[in-house]
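Below, chain A is the first sequence line, B the second, and so on; all start at residue 1.
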Amino acid sequence: MFDLKDTLTEMLADSIDRAREDGTLQLNKRPPVQLDIPKDSLLGDFASNLAMVLARDLKRSPLDIAKVVIDHLTDPEGLIDRCEVAGPGFINFFLKEDYWVRVLKDIEAKGDAYGKSALGKGSSVIVEFVSANPTGPLHIGHGRGAVVGDVLCRILDASGYQVSREFYVNDAGKQVKDLGRSVWFRYRQIFDSTVPFPSEGVYPGEYVLDIARQVQERYRDFYLSMAEDDAISKLSDFGCSVMLNGIRSDLEKMDVRFDRFFTEKSLYEQGKVQACISELKEKNLLLEEENGALVLRTSLFGDDKDRVLIKGNGDYTYFASDIAYHRDKLERGPDRLIDIWGADHHGYIPRMKSIIQVLGHDADTLKVLLIQMVNLLRDGKPVRMGKRTGEFVTLSEVLDEVGNDVARFFFLLRRSDSHLDFDLDLAKTESNENPVYYVQYAHARICSIFRQAWDKGIPVPASNDVNFDLLSLPEEKDLMRFLGTYPEVVEGAAMALEPHRIPFYLQELAARLHAYYFKHRIISEEQDKNLARLFLVGAVRTVIRNALNLLGVSAPEKM
RNA sequence: GCGCCCAUAGCUCAAUUGGAUAGAGCGUUGGACUACGAAUCCAAAGGUCGCAGGUUCGAAUCCUGCUGGGCGCACCA
């Protein structure tokens, strides 16, 4: 499939070369040739804007140039039916009839692999996502980040990148200590209800009580007699691991997996934060303030101001370990780093990028993807998510309510940098309004057709059994064309890091399938036609299934 | 005050990264089940792409200014 696009591109390039040699086009270098598949089939199977791009340099009209290009074109394989110059100067290629048939054969041959490519050429990328603090359960915003990250990894993987998925655990700072304190007070309250619960520096959520009860069940009154600091330290670890297990099981529920959970604590234990600071000191990038605080001069690399690494009281800031973590990632030698953050952290991008430079890499080695907020709606009204009160709907609850397929699809229905309203009522309707079912139904419908055919004794066709001349309806041509664009959609999603393109493609494909189905019978009395049409919808089924797989959404055979 | 993101049909959002007549879903109106699944389809109405300039063969997309909204600007985490 791509070989053909490549040969067309080469034919165009050759044409330019020939025109340069005989002096009709006076160019020093060969321009990049761009070939697109137009949205309207009346505009050809492929189109190039080449002539318009050249117009400026040559100071000649695009129409004129287009004509020259076409005149110099040779077509040894006889692929092209005709070329037209259209509109402001597009060169439109109309290929020999049987071209789109190749798409169907390609899908048959590749099966599950249709849509995969070698775009990334094996280059490696570390994707860090979710990285939620282990001080509370995941909420719906984490869910969005998890799904976007997961699907992005799947897309990159399918596009020939070597992907490593990582979850960074902030288990070394004040907040886990606060978690420990919170558990400590709740724990004591179990034994003595008069113990007051502080109003600051603690987590008020219900889940803290659960942790305290677990401590009491396992260790009885063991911690009551321990010195407060020691107890809190132990309970921090305990609480942290409980929360982390919860997070893991939520992710499991969503079928989101990681290659590695990287703990902040390990950075300190292995002296990596300290080593990192030494390196920065050697590079002469640190300043010491009067009160003893240590500051990194990120402002030399485009940041607004310098950033503190060690506070006046001797504590490390989170920024210090963040640097060490990214240094660790870079030292593993990936070609790229992708971080997926909540959009409220966008202010951290400049300082993080400056770090990448400080460590000797191009700032673009790190790409930060921002995930905008999710508004949970019920009965058309936003569900209040008070962090302070600890009152919120957890991701786990949403998953139990709407199911994984729906949750995933909904998270991917918008570009990740725009706000998302998650309508619980819409997500639960098993009807026409729900886009997930629309797509899944298309798949189930095709499966049903095959069952029907089987019952009537019609075999599942292979391309050798098919007379492709029988697939000549506009709807059929249109379907073939659209199936042919799928690999480019996946590549585009990989290059732009935009997973939402896949569900949009799926909805369009499903729409075309439904329209075709409604207008024309797949199974009739004409056996040859049966085989041809079954072969076509079989290809549609393969592509729907592949795309749904990419999203981690199931492709049901019955609904 | 400074910085980042957003503004497209009544609502929610797309637009092949600068391409041809800006497209879907929902909602509205009107139609289609004695044949493979109506969880479906067909048709109509609906637009000053926030406003004003600029860049060029060509702008929703790029540059500048303005308006309106979101979010950031810690020796917080």
Practice item. Identify, between A:Leu370 and A:Ile523, the residue whose nearest nucleotide on RNA chain B lies closer to the 5' end. Key: A:Leu370

Point to revise | Face-on cation placement of A:Arg307 at A:Phe319 ring, 6.0 Å and 45° thresholds | key: no

Review point. Dot-bracket for RNA chain B: what is it, with Watson-Crick or G-U pairs under 3.5 Å, [ ] where a pair crosses earlier ones, and | for a pair to another strand?
Key: (((((.(..((((.....[...)))).(((((.......))))).....(((((..]....)))))).)))))....

Revision key, fill the gap. OH (A:Tyr486) and OH (A:Tyr114) are apart, to the nearest 0.5 Å, by 9.0 Å

Check your understanding: Can you name the one residue among A:Arg481, A:Lys5, A:Arg501 that meets salt bridge (charged side-chain N to carboxylate O under 4.0 Å, His left out) with A:Glu488?
Key -> A:Lys5

Point to revise | Interatomic spacing from CG in A:Asp423 to CG in A:Asn434 - rounded to 0.5 Å | key: 10.0 Å

Exercise for review: Without swapping roles, check the side chain of A:Arg144 against the backbone of A:Gln372 for a donor-acceptor pair under 3.5 Å.
Suggested key: yes

Practice item. Answer yes or no: does atom CD of A:Glu557 have more than 12 heavy-atom neighbours from other residues, nucleotides or ligands under 6.0 Å? Key: no

Review point. Rounded to whole angstrom units, what separation is found between the CZ atom of A:Arg307 and the P atom of B:C75?
Key: 8 Å

Practice item. Kindly indicate whether the side chain of A:Leu294, heavy atoms from C-beta on, has any atom under 4.5 Å from the side chain of A:Val308. Key: no

Check your understanding: Can a donor-acceptor pair under 3.5 Å be found between the side-chain atoms of A:Asp322 and the base atoms of B:A77?
Key -> no

**Study point:** Residues from residues 345-352 of chain A lying under 4.0 Å of RNA chain B - heavy atoms
**Key:** A:His346, A:Gly347, A:Tyr348

Review point. Are more than 12 heavy atoms from other residues, nucleotides or ligands located less than 6.0 Å from atom CD of A:Gln26?
Key: no

Revision key, fill the gap. When rounded to whole Å, the NZ to C1' distance for the pair A:Lys456 and B:A35 reads 8 Å

Review point. Starting at the 5' end of RNA chain B and moving along, which residue's nearest nucleotide shows up first, A:His514 or A:Val295?
Key: A:His514

Check your understanding: Quick one: which of A:Leu244, A:Thr263, A:Leu179 gives a side-chain contact (heavy atoms from CB on, under 4.5 Å) with A:Pro134?
Key -> A:Leu244

Study note, to complete from the structure: When rounded to whole Å, the CG to P distance for the pair A:Leu412 and B:A24 reads 22 Å

**Study point:** Spacing of A:Lys174 atom NZ relative to B:C75 atom C1', expressed in whole Å
**Key:** 14 Å

Review point. To the nearest Å, how far apart are A:Asn92 CG and B:U21 P?
Key: 13 Å

Study note, to complete from the structure: Per the glycosidic torsion and the 90° limit around 0, nucleotide B:C36 is anti

Point to revise | Interatomic distance where CD1 belongs to A:Ile310 and P belongs to B:C75 [whole Å] | key: 14 Å

Review point. Does A:Arg533 place a side-chain N or O at less than 4.0 Å from the phosphate oxygens OP1/OP2 of B:C36?
Key: no

Practice item. Measure from CG on A:Leu54 to C1' on B:G58 and round the result to the nearest Å. Key: 15 Å

Check your understanding: Does A:Asp304 make a side-chain donor-acceptor contact with the base of B:C2, cut-off 3.5 Å?
Key -> no

Review point. Quick one: is B:C76 close enough that its OP1 or OP2 comes under 4.0 Å of any side-chain N or O from A:Lys311?
Key: yes

Check your understanding: Could you write nucleotides 14-19 of chain B as a row of B, S and -, 5' to 3', where a protein heavy atom under 4.0 Å of any base atom gives B, of only sugar-phosphate atoms gives S, and otherwise -?
Key -> SSBB-B

**Study point:** Note, A:Ile349 side chain near A:Trp341 side chain (heavy atom, < 4.5 Å)
**Key:** yes

Point to revise | Atom pair distance, as rounded to whole Å: CZ in A:Phe410 and P in B:G25 | key: 16 Å

